[in-house]
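Residue numbering restarts at 1 for every chain, and letters A, B, ... go by the order of the sequence lines. These values consider heavy atoms only, across backbone and side chains, with no hydrogens, waters or symmetry-generated copies.
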Amino acid sequence: MIDLSRAGTVARPDGEGRAGGGRCDDRVRFTLGLDGEVLRQVRFGADACAATTAAAAWLAARAEGGTLLDAARLGLADVLAGARIEPAAAECALTAVDALHAALGDAVARGARVAPSAGRSLIAMSGGVDSAMVLTEAVAEGREPVGLTLRLWIDPEAPSPDRACCAPSAVRSARDLCHASGVPHLSLDLRADFRRTVVDSFVAGYAAGETPNPCTTCNGAFRFDALDAAATRLGASEWRTGHYAQIVERGGTLLVARGVDPTKDQSYMLGLVDPDLLQRVRFPLGRRLKADVQQRAAELELAAARAPESQEVCFLGGGALAPFLARQGVGMEPGPIVDEDGVELGRHRGARAYTPGQRRGLGVSRGTEALHVLKVDQPRNTLVVGPAGRLGRREVPLRDLRRILPIDTVDACFRLRAPAVPGALVPDRAGAWLVRLERDAFAVAPGQVAVLYSDDAVVAAGVVAG
Amino acid sequence: MIYLDHAATAPPDPRVLEAMLPHLGERFGNPSEPHAAGRMARADLEAAREEIARLVGCETAEVVLTGGGTEADNLAVLGRAQGIPGRLVISALEHPAVRGTAEALAVRGWRVEIAPVLTNGCLDLNALDASVRSGDALVCVLGASNLTGVLQPIAEVAVLCAERGVPLHVDHVQTASGAPIDLSSLPGVVTAAIAAHKLGGPRGVGALVGRGIRSLAPISFGGGQEAGLRPGTENVAGAVALAAALSIRQGPDAVAERATRAALRDQLEERLGLPVAGGVAERLPGHTLLLTGLRGDTVVRLLDERGIAVAAGSACASGETAPDATLTAMGIAAAQARSAVRVTLGPTTTQSDIDAFVTAWSELEPALRAAAEAAA
């Protein structure tokens with residue numbers, strides 16, 4: 001029987017979530033009334049087919065009276081069995097599960113708190129193999145894990161919207177993975193914040209002719225803070241991610257350090273993370289090799305072992321930069337490509353979509369020499385190109401420098417997994433900082449993040465100013 | 001169970017079962033054999049055929065017994081669509097048995113014109129008049145919509161076709177359950193399909209009837225039974241059952257029964273106060289298509305849980321609820337079409353069935369509307 005007694009809306013809800021509106025236009029909404037961490041009242045709305053309505057009604061009945069984390073354990077398999085829905089209608093039931101989970105996530109975002117537990121670990125789940133391994137190991141360790149996925153971006157116009165790291169399919173696979181181990185899963189919808197803090201500044205940077213580094217900005221200015229706040233609210237004593245990085249202690253200060261696997265080291269992406277957070281974060285894969293993790297995941301038959309590896313900027317959604325920028329309203333005008341003497345060698349389709357060091361997509365040549373973008377001259381909408389040898393730089397001015405330890409002798413890194421170049425952090429005449437390098441660093445572009453290491457640990461980071 | 005889905009299939013009438021049973025037992029002979037058992041079966045079969053012919057208004061030789069309504073429709077269309085591909089006109093209301101056959105012919109090069117429907121659920125006669133031309137292979141118009149129950153202007157359609165010398169096929173499968181069928185009054189080359197299970201008979205038996213039978217080409221081959229149009233050892237029990245069911249639904253007592261059924265339907269509609277698709281047109285007596293404003297399939301499920309069987313107006317297939325073609329043709333918006341619930345009464349429907357439906361509806365409607373509103 002479909003129990004319609006919980007159809008309706010909680011007045012002044014503590015959490016609200018919706019799902020649906022796709023092909024069959026089913027719509028489900030949940031509203032929650034909380035008493036501490038107990039779901040005192042759960043109400044559902046369903047303008048939907050019988051299977052979806054049955055799933056929503058069952059979930060409301062099942063979730064009401066339990067805790068927020070109990071409800072976060074409810075997944076598709078429970079609904080199919082509990083509400084006796086045919087497997088053919090799984091997609092319908094999924095709409096109801098998505099809506100309930102959206103409401104639970106919203107409750108956390110609005111400040112719902114769960115009583116602390118010393119054994120509880122929050123696991124940041126992306127839906128990929130690394131976080132899947134972190135979860136599996138936390139379960140094996142006897143911890144009390146809670147999976148959390150941040151929903152950061154959906155661009156339905158992207159060529160492959162599902163390739164974004166936090167696409168609905170990724171959220172679902174992270175949730176399924178947790179539920180398969182009886183682990184509660186929550187997702188937080190931070191799309192508005194993400195757009196404001198990460199995407200808008202990325203777009204503005206490109207519009208200004210810079211080459212921003214959105215992943216480092218995201219982790220440093222946004223994502224880690226959100227995860228830390230969620231861990232506190234969910235009563236977790238620590239939280240874990242699948243980053244290939246380590247945390248080391250230097251003179252009483254905790255620092256991000258390089259992961260053991262040089263092909264996978266992600267410390268650069270964590271260069272702007274607030275060191276205060278490091279007391280509560282764990283990177284269990286920091287001492288592991290990616291190949292070993294993949295092999296172990298395959299042995300454990302983790303579904304995520306087969307998931308495609310995301311290497312790109314998540315919100316580009318499988319597409320190229322120029323069309324993304326165009327979708328974000330950044331205009332592209334054709335302009336000249338010149339050499340260092342100002343001789344026009346060809347035309348480009350919009351200087352903003354190019355990055356210093358870039359060689360592909362230029363379509364110009366000078367003799368047999370390969371030409372690279374040396375400079376994006378945004379005010380003149382001009383690309384200056386030259387041979388690779390002219391890309392090298394020995395002095396890189398920085399802005400927004402944050403020094404964690406007062407160490408001047410550093411190894412500078414200007415992009416993910418680029419070779420570090422030894423140098424020194426020195427104040428320039430205007431009172432700002434610059435890195436003076438012992439060797440040429442190639443393809444350093446304004447807007448990129450400079451992460452400065454000492455002995456493989458991040459001691460300072462800033463943004464390339466010019 | 002309160003069964004209000006008579007248009008899907010009618011519960012077996014005990015009188016039909018009683019008439020049929022001996023032919024599944026001691027009267028088992030093959031009508032093609034000359035011995036006593038065969039002669040008895042032949043006599044039973046021909047008596048049934050005669051009864052069917054009398055009840056629909058055609059000659060005995062103009063009854064071809066088939067394996068059901070869909071097969072009769074296939075024979076009527078494919079048996080006419082012979083030789084060089086030409087042109088067919090079918091109404092936008094056709095049952096898949098006709099529409100699907102026409103689509104198959106379109107793949108083979110036939111031109112299929114769809115005659116539009118008016119918002120009241122009736123065929124647009126002016127449009128049909130403009131569409132049908134001399135030389136067309138066939139016109140297909142169903143007698144009553146299986147979805148809305150709206151009766152179609154078959155007499156006018158038959159005149160229009162006869163004037164142009166175009167054969168007409170009428171799918172009367174739904175019509176026969178609640179409206180008189182008299183092929184003798186229709187001019188021109190006419191065939192009509194009927195099926196026993198909509199009339200309180202068993203599934204798996206129907207007939208193609210009418211003078212148009214005489215000019216059909218066979219579409220299946222074998223021992224030459226049924227004038228060569230439906231070869232295979234005859235289903236005598238089925239034929240007897242079809243005759244018995246027709247005699248109940250088309251016989252003299254049917255007039256009063258239809259009036260009772262229509263009155264119950266009218267009462268139901270009035271008590272519910274919901275919009276009705278095709279409600280302004282003349283309809284089959286026990287037929288109503290309610291536009292509930294809720295999801296049709298969800299209403300069906302909730303009523304089912306309360307022991308009431310009705311049908312959704314649109315089927316949800318592979319995650320997509322496609323509004324029914326008939327309703328779309330009537331200009332009913334997709335959301336409204338999706339909300340359609342078909343309630344069909346039969347001779348066995350009682351006042352207490354209607355009361356139970358109204359009670360169940362009044363219980364579930366507010367909660368379901370609350371659920372729909374809370375989703376907005």
Side-chain angles (χ1 to χ4, degrees), chain A residues 1-11 13 16-33 41-61 83-96 98-100 102-103, chain B residues 1-2 5 290-324 327-328 332-342 356 359-376:
Chain A
M1 289 284 275
I2 300 179
D3 177 1
L4 292 175
S5 64
R6 288 175 190 81
T9 309
V10 174
E16 177 179 0
R18 295 167 188 273
R23 272 192 311 161
C24 53
D25 204 29
D26 276 359
R27 288 166 200 278
V28 179
R29 173 168 163 254
F30 276 92
T31 47
L32 312 175
Q41 203 182 21
V42 178
R43 291 291 174 266
F44 75 94
D47 183 0
C49 73
T52 307
T53 306
W58 185 86
L59 284 167
R84 273 181 274 169
I85 293 169
E86 295 168 39
E91 215 178 310
C92 310
L94 202 47
T95 305
D98 284 348
L100 175 65
Chain B
M1 179 182 58
I2 292 164
D5 196 15
L290 305 167
L291 300 175
T292 62
L294 296 161
R295 295 295 178 106
D297 79 307
T298 308
V299 172
V300 169
R301 160 93 178 252
L302 285 159
L303 286 169
D304 183 38
E305 290 179 348
R306 286 159 179 76
I308 297 173
V310 296
S314 296
C316 169
S318 61
E320 198 158 8
T321 310
D324 186 277
L327 300 182
T328 309
I332 293 173
Q336 190 74 318
R338 211 167 47 191
S339 83
V341 172
R342 186 182 70 177
T359 303
W361 173 252
S362 64
E363 280 167 15
L364 70 87
E365 189 206 5
L368 205 48
R369 288 214 195 280
E373 276 159 26

For A/Thr9 and A/Gly45, indicate whether the former's side chain and the latter's backbone hold a donor-acceptor pair under 3.5 Å. no
Which one, A/Ala48, A/Gly20, A/Ser5, A/Ala89, leads in non-hydrogen pairs under 4.5 Å with chain B? A/Ala48
Whatever's closer than 4.5 Å to a heavy atom in chain B on A/Ala99 counts as neither
Side chain to side chain contact (heavy atoms under 4.5 Å, CB included) filter on B/Arg301, not counting sequence neighbours, yields A/Ile2, A/Ala50, A/Ala54, B/Glu305
Contacting region of B/Ala335 [heavy-atom separation from chain A under 4.5 Å]: neither
Report which part of B/Leu368 has an atom under 4.5 Å of a heavy atom belonging to chain A: side chain, backbone, both, or neither. both
Could you check if a side-chain atom of B/Arg342 sits within less than 4.5 angstrom of a side-chain atom of B/Asp5, using non-hydrogen atoms only? yes
Is the closest side-chain heavy-atom distance between A/Leu59 and A/Phe30 below 4.5 Å? yes
